[in-house]
Amino acid sequence: MSVSVKAILDAKGRDVVTTGGNTTLAEAAKILNEKRIGAIVVTAMGGKISGIFTERDVVNAVAKHGSECLDKPIASLMTAKVHRCKEDTTTDELMELMTQRRFRHVPVEEKGKLSGIISIGDVVKWRIREIELEAEQIKAYIAG
């Protein structure tokens, strides 16, 4: 039984940490650390998604450019080709996307606007909840 992304967002909330492309890598790293998150959605005028900046992007930037990248804007370091999902995307579809593309964070876009973000942790947590519920139902059925 696969659930929609909307159900996860309704349960966990729709808050998304966003920033503009002019934010420096050092500032973005501080935000990631302070908020205890793995990704920041980079937005342009009007709130349109222009990229995503993740912990992996920090590592790639430091590996390629050394410490001088700390003052670079994240627009030049972010993942610009952002794979998104919709609220009616199922958890099964999302798990497949995350596994194939090796993503841990997927922004949710509805009617051209950012409506949330789903992490692999959110999907795993939801899937565990589904499995536990299914196990309880089976036990109740057997017990009778």
Side-chain angles (χ1 to χ4, degrees), residues 1-65 69-143:
M1 180 176 119
S2 190
V3 162
S4 71
V5 165
K6 182 182 182 316
I8 297 174
L9 290 177
D10 288 347
K12 81 164 204 146
R14 296 173 178 274
D15 292 339
V16 182
V17 176
T18 63
T19 192
N22 289 331
T23 301
T24 66
L25 185 145
E27 293 166 335
K30 187 174 181 179
I31 293 168
L32 290 169
N33 183 59
E34 287 175 353
K35 301 282 186 182
R36 299 182 55 126
I37 56 175
I40 302 169
V41 177
V42 183
T43 55
M45 295 295 250
K48 296 274 186 196
I49 299 171
S50 61
I52 190 166
F53 188 77
T54 68
E55 295 164 316
R56 188 175 291 158
D57 293 319
V58 173
V59 172
N60 287 337
V62 171
K64 288 178 185 173
H65 307 288
C69 70
L70 293 172
D71 294 323
K72 289 186 176 197
I74 60 173
S76 65
L77 305 166
M78 69 184 181
T79 302
K81 186 177 180 186
V82 182
H83 289 270
R84 304 158 170 92
C85 69
K86 302 276 185 203
E87 290 188 12
D88 64 354
T89 301
T90 66
T91 52
D92 288 345
E93 293 168 333
L94 193 55
M95 284 189 295
E96 187 175 332
L97 173 70
M98 290 176 145
T99 301
Q100 286 178 350
R101 301 289 185 166
R102 299 180 48 101
F103 295 146
R104 293 180 295 188
H105 302 88
V106 178
V108 182
E109 192 175 60
E110 205 61 37
K111 298 179 184 170
K113 293 192 176 193
L114 180 64
S115 65
I117 190 165
I118 300 289
S119 72
I120 190 67
D122 297 328
V123 176
V124 169
K125 182 179 176 181
W126 196 268
R127 188 70 183 117
I128 289 170
R129 184 182 303 172
E130 286 178 330
I131 291 168
E132 288 172 345
L133 179 61
E134 188 177 305
E136 286 176 27
Q137 290 172 342
I138 291 171
K139 285 179 189 175
Y141 176 78
I142 291 171

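- Between the CE atom of Met78 and the CG atom of Leu25 there is a distance of 13.0 Å, given to the nearest 0.5 Å.
- Across all non-hydrogen atoms, the minimal contact from Leu114 to Ile49 is CD1-CD1, 3.8 Å.
- When every heavy atom of Pro73 is checked against every heavy atom of Gly21, the shortest pair comes out as CB-O, 3.4 Å.
- Annotation: side chain of Asp57 is not in contact with side chain of Leu77 (no heavy-atom distance under 4.5 Å).
- Between Ala7 and Trp126, the shortest heavy-atom contact is O-CH2, 4.0 Å.
- Distance check: Ile8 CD1 to Ile118 CD1 gives 4.5 Å after rounding to the nearest 0.5 Å.
- Pairing each heavy atom of Cys85 with each of Thr89, the nearest pair is CB-OG1, 3.6 Å.
- To the nearest 0.5 Å, atom OG1 of residue Thr54 and atom CG of residue Asn60 are 7.5 Å apart.
- Under a 4.0 Å N-O distance rule, the pair Glu130/Arg127 qualifies as a salt bridge.
- Ser115 has its side chain within reach of Arg14: a pair of non-hydrogen atoms, C-beta onward, lies under 4.5 Å apart.
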Name the atoms and distances for all side-chain donor-acceptor pairs under 3.5 Å in residues 94-107, with sequence neighbours left out.
| from | atom 1 | to | atom 2 | distance (Å) |
| --- | --- | --- | --- | --- |
| Glu96 | OE2 | Gln100 | NE2 | 3.3 |
| Thr99 | OG1 | Met95 | O | 2.8 |

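- For CG of Asp88, the number of neighbouring non-hydrogen atoms (other residues, nucleotides, ligands) closer than 6.0 Å is greater than 12.
- Judged purely by atom type and a 3.5 angstrom limit, Ser50 uses its side chain to pair as donor or acceptor with the backbone of Val42.
- Rounding to the nearest 0.5 angstrom, the gap separating the CG atom in Asp71 from the CD atom in Glu27 is 9.0 Å.
- Rounded to the nearest 0.5 Å, atoms NZ (Lys12) and CG (Leu9) are 6.5 Å apart.
- In this structure, Lys86 places its NZ atom where more than 12 heavy-atom neighbours from other residues, nucleotides or ligands lie under 6.0 Å away.
- For the atom pair CG of Leu32 and OG1 of Thr19, the computed distance is 10.0 Å after rounding to the nearest 0.5 Å.
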